[in-house]
Number of protein chains: 2
Amino acid sequence: MQQLKSSVHKTFAILEYFTPQKPEWGVTELAIAVGSNKSTVYRFLSDLCKLDILTKNPNSDKYALGLKLFELGSRVSLKSAFVEKTHPELESVAKDITETVHIAVLKKDQIFYVDKVESPQGLKISSQIGSYNPAYATALGKVLLSYLPENQQKETAKKLLRSDAVTAYTKNTITKQKNLLKALDEIKQNGYAIDREEYELGLICVAVPIFNQEGNVVASLSASGPANRFEEKEVTRYVTTLKKGANAIQNKIGYFKP
Amino acid sequence: MQQLKSSVHKTFAILEYFTPQKPEWGVTELAIAVGSNKSTVYRFLSDLCKLDILTKNPNSDKYALGLKLFELGSRVSLKSAFVEKTHPELESVAKDITETVHIAVLKKDQIFYVDKVESPQGLKISSQIGSYNPAYATALGKVLLSYLPENQQKETAKKLLRSDAVTAYTKNTITKQKNLLKALDEIKQNGYAIDREEYELGLICVAVPIFNQEGNVVASLSASGPANRFEEKEVTRYVTTLKKGANAIQNKIGYFKP
DNA sequence: TTTCACTGTTTTATATAATGAAACAGTGTT
DNA sequence: AACACTGTTTCATTATATAAAACAGTGAAA
């Protein structure tokens, strides 16, 4: 905390601690977590409460993210310019494929889930809108990477798979730079990507790119479901449906850039 | 700006200027709007950009709300604890009624739109999730008011309709305290509210309450559509469907408090 | 009850970061 | 080429953020 210079940084550093895993914090524990003084953190929390960015649970005296933040989040034009337009298409794709459908954008070397429509079936993928996943281990991410400008793609692939930061989520995860670049090449030729349990065992995912009117990839669209009911012969049908959806979305988003 | 003491307040005061109506701001114009120095505002915007709370449009050099804010907004437990659970119910109600369906909570004297599912029909209501509307002029709001504890209800009604702040949005808007209290009484007896073009000409809306497991109203559910296709004899069917939906939602949200 | 350990909150002198005027650096226009 | 308009950087001055300590309220254990 002390190394962060501006109050703006400090403010959002504090808000970052409020995650779905730990949505409630008391003053003392949060002060310890951020490595700052109790009264300093108290003032932040108290100020944020006045603005409804946080709310205080009157029973536990603990703080949680508040309505105002939800409101501000809803204002993000990504949402108004994107989700409002694209959501109906996701729904129609999900209805057709009867699996969970996601739309994601690339954010540095991760994919960011912008929206989803869940499978009507009981067994389905759990995911969180507004969260991140590694690009190299997901169909959504591989599609986005494969359509990057060549130099940028190599750079990202290098950065991704050079260091000690590579995680092999399953035995199928691509961990070698050479293999990734080869896979990306194939994806670009095929026009779609498959993730066969590369990120999570039992989870298969098919994804296609979404272009804007300038011809740049801006997002990707996927269907994902349990491996056991994911019929190999159905992949073609999935891709066709996804592409139809991606096409419809392209016509709606115009020159959108993520 | 100068009267706001803490940086936290200043930060969110600046973010408040980014609305759906004006989602992009340049440094200079925003500095004038907030009544502060150009370089001060620049530092705020620049800091917020580093955190992805804002993004800078490289073409126009203007700033807009960014992905990070969307992410934080998505974390608000209102959403994870509420929307994720209730959205499927809204969908099924919307499908049944074939009009736009909203769910809202009471926030002081205004209703706050938490989620919606749009009518599949071409002509439909435009609204913005995460925005506010007056409680006394909407079906959603009147339902929420009618189930408040009596003292709280009177207080709110007084505050609402005493001052010079009362707006008669249409000729049907309730503007007298006595009339409002009488209307709220009827609504509580009937179990639903109707807004016949009280907020917007041509717009009719039916709403029912949603209770939590403690028996308190926590939200309201509505169907709204153009007056010309809103058949009077259908209201009973709408109410039945809405109540069924509200009931399903109640069973999912447990002890949720807004 | 009394003590203890633990919360959240308020106060205060001190240190540190926020401020705004001015200069700078780009841009497109006349 | 001069102008008017952006966004950006600099820096001395000022005002706010900081952390230690005291305070207050809670619940559990001796």
Side-chain angles (χ1 to χ4, degrees), chain A residues 1-19 21-69 77 255 257, chain B residues 1-19 22-69 77 257:
Chain A
M1 181 97 165
Q2 47 276 31
Q3 68 279 13
L4 297 168
K5 301 232 159 159
S6 84
S7 299
V8 173
H9 280 78
K10 290 174 207 160
T11 303
F12 286 98
I14 282 176
L15 288 179
E16 277 295 332
Y17 280 86
F18 294 84
T19 63
Q21 284 73 44
K22 178 135 182 52
E24 284 203 345
W25 287 87
V27 176
T28 308
E29 57 175 345
L30 186 53
I32 293 165
V34 304
S36 185
N37 190 279
K38 203 171 60 162
S39 54
T40 300
V41 171
Y42 171 76
R43 215 172 17 75
F44 271 103
L45 297 183
S46 160
D47 281 351
L48 288 166
C49 259
K50 280 180 205 150
L51 298 162
D52 274 333
I53 297 297
L54 294 177
T55 48
K56 191 161 132 192
N57 185 328
N59 299 321
S60 62
D61 267 12
K62 292 192 171 185
Y63 296 81
L65 299 179
L67 265 183
K68 191 77 204 177
L69 199 58
S77 70
Y255 288 90
K257 281 180 194 176
Chain B
M1 180 96 166
Q2 45 277 31
Q3 67 278 19
L4 297 167
K5 302 232 161 159
S6 84
S7 299
V8 174
H9 280 77
K10 290 174 208 161
T11 303
F12 286 99
I14 282 176
L15 288 179
E16 278 294 331
Y17 280 87
F18 294 84
T19 62
K22 178 135 181 54
E24 284 203 344
W25 287 87
V27 175
T28 308
E29 57 175 344
L30 185 54
I32 292 165
V34 304
S36 185
N37 189 279
K38 203 171 60 162
S39 53
T40 300
V41 171
Y42 171 76
R43 217 171 17 74
F44 271 103
L45 296 183
S46 158
D47 281 351
L48 288 165
C49 258
K50 279 180 205 150
L51 298 161
D52 275 333
I53 297 296
L54 294 177
T55 47
K56 190 162 134 193
N57 185 328
N59 299 322
S60 61
D61 267 11
K62 291 191 171 186
Y63 297 81
L65 299 179
L67 265 182
K68 191 79 206 176
L69 198 58
S77 70
K257 281 178 196 178

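Computation of the quantities below employed the complete heavy-atom set of this structure, encompassing side-chain atoms and omitting hydrogens, waters and symmetry-equivalent molecules. Note on naming: letters A, B, ... go to the chains in the order of the sequence lines (proteins, then strands), and numbering restarts at 1 for each one. Here the structure is a predicted model, which means the values were calculated and not measured.
- The side chain of B:Thr28 contributes an N or O atom lying less than 4.0 Å from OP1 or OP2 of D:dG7.
- Ring geometry for A:Trp25 versus A:Tyr17: interplanar angle over 60°, hence perpendicular rather than tilted (30 to 60°).
- Within the 4.0 Å cut-off from OP1 or OP2 of D:dT8, at least one side-chain nitrogen or oxygen of B:Lys56 is found.
- Remark: side-chain polar atoms of B:Lys22 are paired, donor with acceptor, to backbone N or O of B:Glu24 under 3.5 angstrom.
- The interatomic distance linking B:Leu30 (CG) with C:dG20 (P) rounds to 14 Å, in whole Å.
- No side-chain heavy atom of A:Ile32 sits less than 4.5 Å from a side-chain heavy atom of A:Glu29.
- Taking side-chain N and O atoms only, B:Lys10 has a distance below 4.0 Å to OP1 or OP2 of C:dT19.
- Between A:Phe12 and A:Phe18, the distance separating the two ring centers is not shorter than 6.0 angstrom.
- Checked against D:dA19, D:dA17, C:dG8, the side chain of A:Val27 finds its nearest nucleotide in C:dG8.
- Heavy-atom distances to DNA chain C give each of A:Val8 and A:Ile32 a nearest nucleotide, and the one nearer the 5′ end belongs to A:Ile32.
- Listed pair B:Tyr63 / D:dT8 meets the phosphate criterion, a side-chain N or O lying under 4.0 Å from OP1 or OP2.
- Across the protein-nucleic acid pair, A:Lys62 atom NZ and C:dC6 atom P stand 15 Å apart, rounded to whole Å.
- One atom, CG of A:Asn37, and another, P of D:dT16, lie 20 Å apart when rounded to the nearest Å.
- Note on A:Tyr42: every side-chain N or O is 4.0 Å or more away from OP1 and OP2 of C:dG8.
- When the side-chain nitrogen and oxygen atoms of B:Thr40 are compared with OP1 and OP2 of C:dG20, one or more of them lie within a distance under 4.0 Å.
- Comparing B:Asp47 and A:Gly26 along DNA chain C, the residue whose closest nucleotide (by nearest heavy atom) sits nearer the 5' end is A:Gly26.
- Each of D:dT8, D:dA22, C:dA18 was ranked by its minimum atom distance to the side chain of A:Lys38; first place goes to D:dA22.
- Along DNA chain D, the nucleotide nearest B:Ser7 and the nucleotide nearest B:Ser39 are compared for position; the residue whose nucleotide lies closer to the 5' end is B:Ser39.
- Contact of the A:Ile53 side chain with the A:Leu65 side chain is not registered, since no non-hydrogen atoms from C-beta on lie closer than 4.5 Å.
- Summarising the geometry, the separation between CG on B:Leu45 and C1' on D:dG7 is reported as 11 Å, rounded to the nearest angstrom.
- Atom CZ of B:Arg43 and atom P of D:dA15 are 16 Å apart (whole Å).
- One finds a side-chain N or O of B:Ser36 lying less than 4.0 angstrom from the OP1 or OP2 phosphate oxygen of C:dG20.
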